[in-house]
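Contents: one structure, followed by commentary.
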Number of protein chains: 2
Amino acid sequence: MEPTGYYSIHPKFHAAVDCIIFGFEEGELSLLLLQRNFEPAKGQWSLMGGFVEEGESLDDAARRVVTELTGLDDLYMRQVHTYGEPDRDPGERVLSTAYYALVDIKKYDRELVRAHNAFWVKLPAIPRLIFDHDRMVDDALRFMRYQARVKPVGINLLPEEFTLTQLQTLYEAILGEPIDKRNFRKRIASMDYIEKTGRIDKTSSRKGAALYRFNREKYDGNFKI
Amino acid sequence: MEPTGYYSIHPKFHAAVDCIIFGFEEGELSLLLLQRNFEPAKGQWSLMGGFVEEGESLDDAARRVVTELTGLDDLYMRQVHTYGEPDRDPGERVLSTAYYALVDIKKYDRELVRAHNAFWVKLPAIPRLIFDHDRMVDDALRFMRYQARVKPVGINLLPEEFTLTQLQTLYEAILGEPIDKRNFRKRIASMDYIEKTGRIDKTSSRKGAALYRFNREKYDGNFKI
DNA sequence: TCAGTTTAGTGTACAAATTACACTTGCAAA
DNA sequence: TTTGCAAGTGTAATTTGTACACTAAACTGA
């Protein structure tokens with residue numbers, strides 16, 4: 001179609017994806033981080049990442065990388081930002097696109113995670129990360145918080161069925177502030193796409209708590225931004 | 001530092017930036033678009049774009065590209081998204097990062113724009129664009145609208161000093177809906193970082209309208225979101 | 001000079017949304 | 001049967017957002 005010479009006078013670069021993998025447990029957000037037992041930056045902490053391959057879209061690369069580490073498919077992932085400073089990777093020039101992923105922390109493949117020398121680290125205890133990964137985490141967290149304020153994305157961090165107390169604790173963790181229980185439940189009650197399953201969770205209280213579920217069809221029908 | 005072999009087994013890609021350049025005139029948002037008199041896709045409409053060069057960051061590349069076209073420096077620009085589908089450019093594989101820029105439409109360099117065969121096109125009249133540039137415009141517009149709702153970014157589309165009527169017309173154009181004049185002025189009055197200059201604009205009314213200015217120091221001091 | 005035209009500028013009442021706040025219920029274990 | 005524990009529930013006050021119409025100033029042209 002076009003003369004390939006048009007493109008070939010311009011440089012090419014490695015393209016990578018780095019994934020900020022969020023989990024939720026014990027009332028706190030966690031990240032799945034690698035203590036790198038491989039080069040470059042062996043021994044240091046980093047995000048899970050990987051290079052984009054021929055014929056693979058950025059989104060697919062990000063998905064592949066998270067699946068490689070967790071064994072999970074069907075992930076909620078969103079692109080955050082692309083980092084393109086010439087010296088951001090001290091080895092060679094690499095353009096890296098950050099994605100965040102939301103994961104049900106009960107479900108990941110422990111073997112795969114162990115094999116990668118990866119660990120869930122609670123947010124306040126995040127160690128210093130290599131390159132510009134600290135900044136990626138900041139940006140992803142800000143973006144995820146924004147999205148959680150306007151869409152029920154956080155639900156992807158919980159199991160299929162969850163109690164309202166779990167949901168509230170999750171939102172407190174995401175937003176970083178306590179929420180009034182009655183106001184919270186009033187708001188949830190007004191969302192018809194969060195519906196009672198009729199089943200009861202007995203693990204965390206003697207009385208038992210009603211289990212709820214996210215109804216995607218009802219939600220998509222409403223599309224309140 | 002690291003063995004370069006680590007990187008070299010992975011493919012490299014062209015990296016481009018494409019810029020959604022917004023202007024504001026006669027109560028409407030416009031985009032600065034190219035009617036391409038060069039390959040590829042000669043004859044079709046596209047965004048202004050360019051390849052990322054060695055040693056140049058993504059942000060710098062986007063800035064350079066907009067400056068090449070408009071002669072303007074000191075631009076308000078934000079990264080929108082990176083598009084990485086393998087076949088998005090039918091010529092060769094190119095990863096493209098979209099940026100939006102806000103430009104005072106009174107100030108650009110007409111010679112440069114003419115030389116590039118570029119034209120300001122009002123939003124509702126945007127033609128079909130090449131590749132995935134339509135989607136880039138959609139995404140940029142959505143992102144810019146969101147930002148305009150929470151920060152006074154739109155002010156970058158106006159001259160240094162502006163009347164409240166201009167500002168209201170701008171926000172009506174950005175949000176795509178009419179705004180009540182009294183409520184609008186009430187809201188602006190509560191923002192101490194939009195301050196009267198004491199000067200009067202006589203061009204658009206016999207009575208004359210007070211000129212206002214954005215005070216960055218006061219705004220940064222407040223950091224409301 | 002006076003009537004007409006044009007845009008700037010101003011306040012109040014109502015509705016809606018958000019916030020603050022404390023006790024009762026049901027169940028199981030001791 | 002008593003105790004402990006988390007689940008579940010309503011109302012009043014405040015804040016925020018929305019609807020709405022006239023006067024003021026200055027120039028123009030008859």
**Q.** Residue among A:Leu170, A:Ile105, A:Asp104, A:Asn156 satisfying side-chain contact (heavy atoms from CB on, under 4.5 Å) with A:Phe24
**A.** A:Leu170
Q: Would you mind telling me which residue lines up with the more 5' stretch of DNA chain D, B:Arg187 or A:Gln166, judged by nearest nucleotide?
A: A:Gln166
(Q) Nearest heavy atom decides the nucleotide; on that basis, is B:Arg206 or A:Ser204 closer to the 5' end of DNA chain D? (A)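 That would be A:Ser204.
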Between [N] atom [atom2] and [X] atom [atom1], what is the distance in whole Å?
| X | N | atom1 | atom2 | value |
| --- | --- | --- | --- | --- |
| B:Leu211 | C:dA8 | CG | P | 11 Å |
| A:Arg182 | C:dT24 | CZ | C1' | 11 Å |
| B:Ile188 | C:dA8 | CD1 | C1' | 15 Å |
| A:Met191 | C:dA17 | CE | C1' | 13 Å |
| A:Asp180 | D:dA13 | CG | P | 17 Å |
| B:Phe184 | C:dG11 | CZ | P | 18 Å |
| A:Asp201 | C:dA28 | CG | P | 13 Å |
| B:Lys181 | D:dT18 | NZ | C1' | 17 Å |

N/O (side chain, [X]) to phosphate O (OP1/OP2, [N]) under 4.0 Å:
| X | N | result |
| --- | --- | --- |
| B:Arg185 | C:dG9 | yes |
| A:Lys202 | C:dA28 | yes |
| A:Ser205 | D:dA7 | no |

Q.
The test is ring-ring contact (aromatic ring centres under 6.0 Å, His included); show your working for A:Tyr83 and A:Phe131 and say whether it passes.
A. CA-CA 11 Å; A:Tyr83 301 83; A:Phe131 305 166; over 10 Å; no
**Q.** N/O donor-acceptor pair, side chain B:Lys186 with base D:dT16, under 3.5 angstrom
**A.** no
Q. Side-chain donor or acceptor of B:Lys207 under 3.5 Å from a matching atom on the base of C:dA8?
A.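 Per atom types, the contact qualifies.
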Q: Measure across B:Ile21 and B:Trp120 and return the closest heavy-atom pair with its distance rounded to 0.1 Å.
A: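 For B:Ile21 versus B:Trp120, the nearest heavy atoms are O-CZ3, 3.7 Å.
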Q: Output the single nucleotide from C:dA20, D:dT18, C:dG9 whose closest atom is nearest the side chain of B:Ala209.
A: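 Minimum distance to the B:Ala209 side chain belongs to C:dG9.
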Q: Could you tell me whether the side chain of A:Thr163 and the main chain of A:Ala209 form a donor-acceptor pair under 3.5 Å?
A: no
(Q) Applying a 4.0 Å non-hydrogen cut-off, can you work out what A:Thr165 is touching in the nucleic acid: base, sugar-phosphate, or nothing? (A)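 The answer is sugar-phosphate, as A:Thr165 gets under 4.0 Å only of primed atoms, P, OP1 or OP2.
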Q | Euclidean distance, A:Leu167 CG relative to A:Leu157 CG, rounded to 0.5 Å | A |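 Here the rounded value is 10.5 Å.
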